[in-house]
Amino acid sequence: MSIKITMPALSPTMEEGNLAKWLVKEGDTVAAGDVIAEIETDKATMEVEAVDEGTVAKLLVEAGTEGVKVNEVIAVLVEDGEDASNVDVSAVSDAATPATPAAEETPKVETSAPSTPSAAPAAPAPAPSGERVFASPLARRIAQQNGVEIASLTGSGPRGRIVKADVEAAMASGTLPQTVASSAASATPTVAPQMAAGPSDDAVRALFEEGSFEAKPHDGMRKTIAQRLTESAQTIPAYFVTMEAGIDALLALRSQMNAAAPKDGDGKPAYKLSVNDFVVKAMAMALKAVPQANVSWTSTDRLYHAHSDVGVAVAVDDGLFTPIVRRAEEKTLSVISAEIKDMAGRARDKKLKPQEYQGGCTAVSNLGMFGVKEFTSIINPPHASIVSIGAGTQRPVVRDGKLAVGTVMGATFAFDHRAIDGALGAELAASFKNYLENPMAMLA
């Protein structure tokens, strides 16, 4: 009996992924638990294990294929003693629409119909109503975003498959059926609402001299960042609260704690605390002190969180991760510091697990090391807040009625007004400032 291997859901929100690499080949014998492939999600590369034993009869999706839908059949195993050549591949994979390889619009492996080596297939007429339409995921997505009825198109891909170029050609020619064209003009796209405004891609490219730029296609991370932050900007009514905190006491405590850190046999300290470690801890303690602000918004209710799960923005090559320090209010500064260093390193290598960067209730974004004085950040749902940290700078301050020099750091909060009203946001900001200016309270 043949055994289907499907694209796994590596996180609760995953809808598709890229099949980066096969670690087995047809004819190999595998056991349950063997690593057989590497799958790329928007922000991580993860290994896929076999859940059954058998012989690899067919790899249905090529390495390098993008946009493979969750639960699509990607390979077939046969049990010991079975003849792999007798497996009906088309029957196994017929329910799934083949995905699109990264390097080209149509896949090299087509499992929906037998190939004819001696002649190229003729392009069929548009599919009659009710019949299955063969189209690449990208073509379907573009058609949906622009109100194009995919079944009305003629495919130019292998065996009549509808590809991106077919959709774009139909849109450019203006030959779409009237009902389709009118819906494309009036409908509000449901997948990428940002496409409804602004010039088209071709119009943007036309503004620049040919050869004066390099077009770098968006990778999965860039697409996800764009989608989520566009959604945030369009749906979250955010407001901003800016405050300043004197951090001389924090800097002094940090120096004392780093000097007192135990050392190993090579004289290397067990930890080295950063200012950002104190910021994360202060945010966690402030949420504990103001629990009404430790929330997430849904359309039916607010979720009040029992613990402070604080995300920490980490810049990676052409992207951003926000790994989460769970239950940060319960952890020591040294533990927070170690966790952030570990997750930041694995984030840069794309080795974080989805559960390590999904969820959380708030986030910290720190650009102070670049000399940025203050800035605002976009809230990343399901968070209802984020704090943006600027550089600590020395400036004149008044202490006990006398002028002195102190180190002051700016922080700007963004709050989701649906979940956190202005006075409540100000209360959280004030608590955060209190912990920064009285850092010993974070050690209690």
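Position 1 is the first residue of the sequence, and the numbers go up from there. Worth saying up front: this structure is predicted, and the values here are computed from it rather than measured.
For Lys331, the NZ atom sits in a packed shell: over 12 heavy atoms of surrounding residues, nucleotides or ligands are nearer than 6.0 Å. When the shell of 6.0 Å around CD of Glu53 is examined, it contains 12 or fewer heavy atoms from other residues, nucleotides or ligands. For Asp301, the CG atom counts as densely surrounded, since its 6.0 Å shell holds more than 12 non-hydrogen atoms of other residues, nucleotides or ligands.
Residues Ile5 and Val76 have side chains not in contact (no heavy-atom distance under 4.5 Å, counting atoms from C-beta outward). Between Phe278 and Ile336 there is no side-chain heavy-atom pair separated by less than 4.5 Å. The shortest distance between side-chain heavy atoms of Met283 and Val387 falls below 4.5 Å. A heavy-atom distance below 4.5 Å is not found between the side chains of Ser232 and Asn380. Taking the side chain as every heavy atom from C-beta outward, Lys288 and Asn294 never approach each other to under 4.5 Å. Two residues are said to be in side-chain contact when any heavy atoms from C-beta on lie closer than 4.5 Å; Phe375 and Thr412 fail this criterion. In this structure, Val48 and Glu38 have side chains that are not in contact, with every pair of non-hydrogen atoms separated by 4.5 Å or more.
Of the possible donor and acceptor atoms, none in the side chain of Ser385 sits under 3.5 Å from a partner among the backbone N and O of Thr362. One N or O on the side chain of Glu26 and one on the backbone of Leu59 form a donor-acceptor pair closer than 3.5 Å. Distance alone, capped at 3.5 Å, places no donor-acceptor pair between the Arg348 side chain and the Asp317 backbone. Side chain of Ser296 to backbone of Pro382: a donor-acceptor contact under 3.5 angstrom is found. With hydrogens and angles disregarded, a donor-acceptor distance shorter than 3.5 Å links the side chain of Thr230 to the backbone of Ala226. No side-chain donor-acceptor contact under 3.5 Å links Glu49 to the backbone of Asp34. Listed for the Thr235 side chain is a donor-acceptor partner under 3.5 Å among the backbone atoms of Glu231. Here the side chain of Ser431 pairs no donor or acceptor atom with the backbone of Leu428 at under 3.5 angstrom. Side chain of Lys281 to main chain of Thr332: no donor-acceptor pair is present (N/O by atom type, distance under 3.5 Å, no hydrogens or angles). Proximity of a side-chain donor or acceptor of Thr224 to a complementary backbone N or O of Gly220 within less than 3.5 Å is detected.
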Please test Ile36 against Val30 for side-chain contact (heavy atoms from CB on, under 4.5 Å), starting from the C-alpha separation and ending with a verdict.
CA-CA 8 Å; Ile36 60 173; Val30 298; 4.2 Å; yes
Val316 vs Met221, test: side-chain contact (heavy atoms from CB on, under 4.5 Å). Steps then yes/no.
CA-CA 10 Å; Val316 299; Met221 181 186 299; 3.9 Å; yes
Working for salt bridge (Lys or Arg N to Asp or Glu O under 4.0 Å), residues Glu339 and Arg326
CA-CA 10 Å; Glu339 285 193 14; Arg326 308 282 179 180; over 6 Å; no
Show your working on side-chain contact (heavy atoms from CB on, under 4.5 Å) between Glu62 and Thr65 and close with a plain yes or no.
CA-CA 6 Å; Glu62 291 189 35; Thr65 300; 3.8 Å; yes
Test side-chain contact (heavy atoms from CB on, under 4.5 Å) applied to Val295 and Leu303, step by step:
CA-CA 5 Å; Val295 295; Leu303 310 181; over 6 Å; no
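Each of Thr6, Leu19, Leu60 was checked for a side chain to side chain contact (heavy atoms under 4.5 Å, CB included) with Ile74, and the lone residue meeting it is Leu19.
Between Lys69 and Glu16 there is a salt bridge, with a side-chain nitrogen of the basic residue lying less than 4.0 Å from a carboxylate oxygen of the acidic one. A salt bridge does not link Asp219 with Arg222: none of the charged nitrogens is closer than 4.0 Å to a carboxylate oxygen. A salt bridge does not link Asp309 with Arg327: none of the charged nitrogens is closer than 4.0 Å to a carboxylate oxygen. With salt bridges taken as basic N to acidic carboxylate O contacts below 4.0 Å, none links Lys353 and Glu356. Salt bridge annotation for Arg346-Asp342: present, with a cationic side-chain nitrogen under 4.0 angstrom from a carboxylate oxygen. Salt-bridge annotation for Arg205 and Glu210: absent, with no side-chain N of the basic residue lying under 4.0 Å from a carboxylate O of the acidic one.
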Would you be so kind as to tabulate the donor-acceptor pairs closer than 3.5 Å made by side chains of residues 364-374, with sequence neighbours excluded?
unit_1 : atom_1 : unit_2 : atom_2 : d
Asn366 : OD1    : Gly368 : N      : 2.8
Asn366 : ND2    : Asn276 : OD1    : 2.9

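Residues forming a ring-ring contact (aromatic ring centres under 6.0 Å, His included) with Phe413 (at least two apart in sequence, or on another chain): Phe415, Phe432. Scanning for side-chain hydrogen bond (donor to acceptor under 3.5 Å, both in side chains) contacts around Asp52 gives an empty result, with sequence neighbours left out. Partners of Asp349 under the side chain to side chain contact (heavy atoms under 4.5 Å, CB included) rule, at least two apart in sequence or in another chain, are Lys351.
Applying the side chain to side chain donor-acceptor pair (under 3.5 Å) test to every pair with at least one member in residues 417-429, sequence neighbours left out, gives these pairs: Asp416-Arg418, His417-Asp421. Note on residues 281-314: no pairs pass ring pair (Phe, Tyr, Trp, His ring centres under 6.0 Å), not counting sequence neighbours.
In this structure, Asn71 CG and Glu15 CD are separated by 11.5 Å, a value rounded to the nearest 0.5 Å.
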